[in-house]
Amino acid sequence: MTMSENQRNLEAGLLLNKNRNDINECRITAVVIFSTFVSVCGSFCFGCAAGYSSVSQTGITTDLGLSVAQYSMFGSLMTFGAMFGAIFSGKVSDLIGRKGTMWFAQVFCIAGWLAIAFAPDTVWLDAGRFSTGFAVGLFSYVIPVYIAEITPKHVRGAFVFSNQLMQSCGCSLYYVIGNFVHWRNLALIGLIPCALQVVTLFFIPESPRLLGKWGRDKECKASLQLLRGDEADVSEEANAIKETMVLFDQGPKSRIMDLFQRRYAPSLVIGVGLMLLQQLSGSSGVMFYVGSVFNKGGFPSDIGSMILAAIMIPKALLGLILVEKMGRRPLLLASTSGMCLCSLLLAFSFSFRSYGMLDELTPIFTCIGVVGFISAFAVGMGALPWIIMSEIFPMNVKVSAGTIVTLANWSFSWIIAFAFNFMIEWNASGTFLIFFSICAAGIVFIYAMLPETKGRTLEDIQASLTDFLQ
């Protein structure tokens with residue numbers, strides 16, 4: 001055999017091995033699908049909790065005699081609890097594992113729903129809502145992280161997006177059945193996805209990346225084998241995880257103060273700015289108390305909730321398609337522009353209604369404005385700030401940056417959720433004019449500050465943000 005023939009055979013062997021590795025990476029097994037389903041049961045619980053406060057407001061205030069201030073406190077306590085859950089989520093998930101964290105979160109979620117269902121007074125009601133919110137804070141971190149760590153890279157984005165999709169499904173379900181089910185029974189129904197996740201978590205593997213971080217290489221490889229299939233060669237992926245973990249351990253540790261260096265200023269401003277825009281645009285208030293907005297505008301809240309439920313899932317799927325077609329920056333601009341226009345429409349609608357003008361049309365304007373606002377939010381501003389946050393911060397400050405940005409998000413979410421009912425009672429038109437102004441400022445902020453991150457390496461993104469200072 002000649003040297004050229006040997007070289008050709010070697011090249012053919014290398015190509016065959018590469019093709020086998022590509023096939024292994026592209027394989028989507030039943031275990032991956034089932035593990036993702038089990039994890040997003042927590043996302044479904046998140047959606048149920050978010051939708052609950054809207055459809056149960058009339059029943060709770062009537063049965064327990066709550067004032068507007070008391071019910072606003074109840075509704076906002078979910079985001080207040082989530083703020084604390086998010087602070088501890090990273091350390092808890094590294095300490096007891098991704099599966100362990102989901103079990104841990106369900107203890108608080110189940111306790112919360114039971115406290116709400118059997119609450120004799122506002123103390124138990126608020127305690128239950130806070131407990132559910134603490135679970136939501138844990139879920140908001142651990143679920144997307146777990147899914148990203150178990151899925152093949154070519155479908156990672158789509159699988160992680162199922163987190164947002166299941167949140168929409170939970171919220172949609174409660175918008176529908178909340179019109180027919182008593183608020184106590186509605187809280188008991190919230191236990192069903194909790195129990196489903198608690199049981200099914202026994203049958204899914206732990207994250208192989210976390211096992212590698214713990215130094216349990218044999219278990220890491222076994223987890224990968226289960227996720228990729230019995231016939232897959234996982235040695236290369238297992239070695240890559242091990243090498244990455246070694247580099248991570250040898251690298252500099254993240255500290256909060258590192259974020260305030262000049263070179264990280266653009267990333268921090270963008271990350272925190274997008275989270276503030278997401279919440280100060282009024283999204284939490286509208287989602288939590290959408291029934292009040294419909295009633296204020298003269299549109300039946302039960303019909304409005306049904307309309308929202310019908311579009312919840314399709315709009316989540318639309319966001320998945322558009323983010324790959326349009327890119328992050330154009331989609332955020334389009335989403336914020338839609339929210340801006342719908343806020344202005346709602347402001348005019350409530351203004352006309354207060355002066356007794358266009359009484360037959362203002363309910364229709366209210367419905368169009370609310371549905372348009374929530375739809376525009378869902379296809380862009382709802383999910384993209386979280387995706388961009390993961391792309392603009394380098395590895396050495398990502399943990400600290402994630403803590404600050406997440407804390408900023410949940411903190412302002414709590415403020416808006418608490419203040420929204422007071423603002424609507426004060427002046428509904430003025431409230432949405434404020435949201436319109438914030439969305440308009442957000443358009444300028446996104447246009448001036450945000451680079452396009454789709455299809456770019458982290459180094460390229462960082463270089464563009466560094467150049468921004470020069």
Side-chain angles (χ1 to χ4, degrees), residues 38-54 56 60 70-119 121-146 163-164 166-167 170-171 174 186-198 201 275 279 284 287-288 386 399 402-418:
V38 171
S39 62
V40 295
C41 284
S43 307
F44 192 85
C45 297
F46 185 167
C48 293
Y52 181 80
S53 59
S54 174
S56 63
I60 291 178
Q70 288 174 316
Y71 193 82
S72 295
M73 175 59 73
F74 166 73
S76 66
L77 275 174
M78 190 194 87
T79 54
F80 190 68
M83 183 173 63
F84 285 93
I87 292 172
F88 298 108
S89 58
K91 292 192 177 296
V92 170
S93 64
D94 276 356
L95 182 65
I96 64 176
R98 313 305 189 215
K99 289 172 58 178
T101 303
M102 286 185 265
W103 267 317
F104 183 62
Q106 285 297 1
V107 171
F108 290 92
C109 199
I110 291 171
W113 282 125
L114 288 173
I116 293 172
F118 298 104
D121 51 38
T122 56
V123 174
W124 282 94
L125 199 68
D126 290 347
R129 186 69 169 173
F130 179 88
S131 181
T132 306
F134 188 85
V136 166
L138 294 171
F139 284 140
S140 66
Y141 173 84
V142 73
I143 291 173
V145 168
Y146 176 77
N163 173 48
Q164 182 72 27
M166 288 301 285
Q167 289 177 27
C171 199
Y174 266 50
L186 198 61
L188 292 175
I189 291 173
L191 295 171
I192 297 175
C194 299
L196 179 63
Q197 186 178 52
V198 168
L201 276 170
M275 293 302 178
Q279 296 304 331
S284 292
M287 290 288 291
F288 286 6
W386 297 100
V399 174
T403 300
I404 287 181
V405 171
T406 303
L407 182 61
N409 182 280
W410 285 115
S411 299
F412 280 87
S413 178
W414 172 67
I415 292 171
I416 294 298
F418 179 74

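In this chain, numbering begins with 1 at the start of the sequence shown. Here the structure is a predicted model, which is why all the values come from computation and not from measurement.
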Can you find a heavy atom in the side chain of Tyr71 that is under 4.5 Å from one in the side chain of Ser56? yes
Contact check, side chains of Ile60 and Tyr52, non-hydrogen atoms, under 4.5 Å: yes
Hey, are the side chains of Cys171 and Met287 touching, using non-hydrogen atoms and a 4.5 Å cut-off? yes
Could you go through Phe418 and Ser284, starting from their C-alpha distance and side-chain angles, then the distance that decides it, and tell me whether this counts as side chain to side chain contact (heavy atoms under 4.5 Å, CB included)? CA-CA 10 Å; Phe418 179 74; Ser284 292; over 6 Å; no
Nearest 0.5 angstrom please: Phe130 CZ to Leu125 CG, how far? 14.5 Å
Answer whether the closest heavy-atom distance between the side chains of Leu77 and Met73 falls below 4.5 Å. yes
Would you say the side chain of Thr101 lies within less than 4.5 Å of the side chain of Tyr146, judging by non-hydrogen atoms? no
Donor-acceptor contact present, side-chain Ser76 to main-chain Ser72, <3.5 Å: yes
Within the distance-only criterion (no hydrogens, no angle test), does the side chain of Asp126 pair as donor or acceptor with the backbone N or O of Arg129 below 3.5 angstrom? no
Atom pair OG (Ser93) and NZ (Lys99), whose distance is rounded to the nearest 0.5 Å: 15.0 Å
Parallel under 30°, tilted from 30 to 60°, perpendicular over 60°: which one fits the rings of Phe80 and Trp414? tilted
For Leu138 against Gly85, the heavy-atom pair lying closest together: CD2-O, 3.5 Å
Show the atom names and distances, to 0.1 Å, of all donor-acceptor pairs under 3.5 Å that link a side chain in residues 104-116 to residues at least two apart or in another chain.
unit_1	atom_1	unit_2	atom_2	d
Gln106	NE2	Gln197	OE1	2.6

Hey, does the side chain of Thr132 reach the backbone of Gly128 with a donor-acceptor pair shorter than 3.5 angstrom? yes
Determine yes or no for a side-chain-to-main-chain donor-acceptor pair under 3.5 angstrom, with Tyr174 supplying the side chain and Leu186 the backbone. yes
Close side-chain approach of Ile87 and Trp410, heavy atoms under 4.5 Å: no
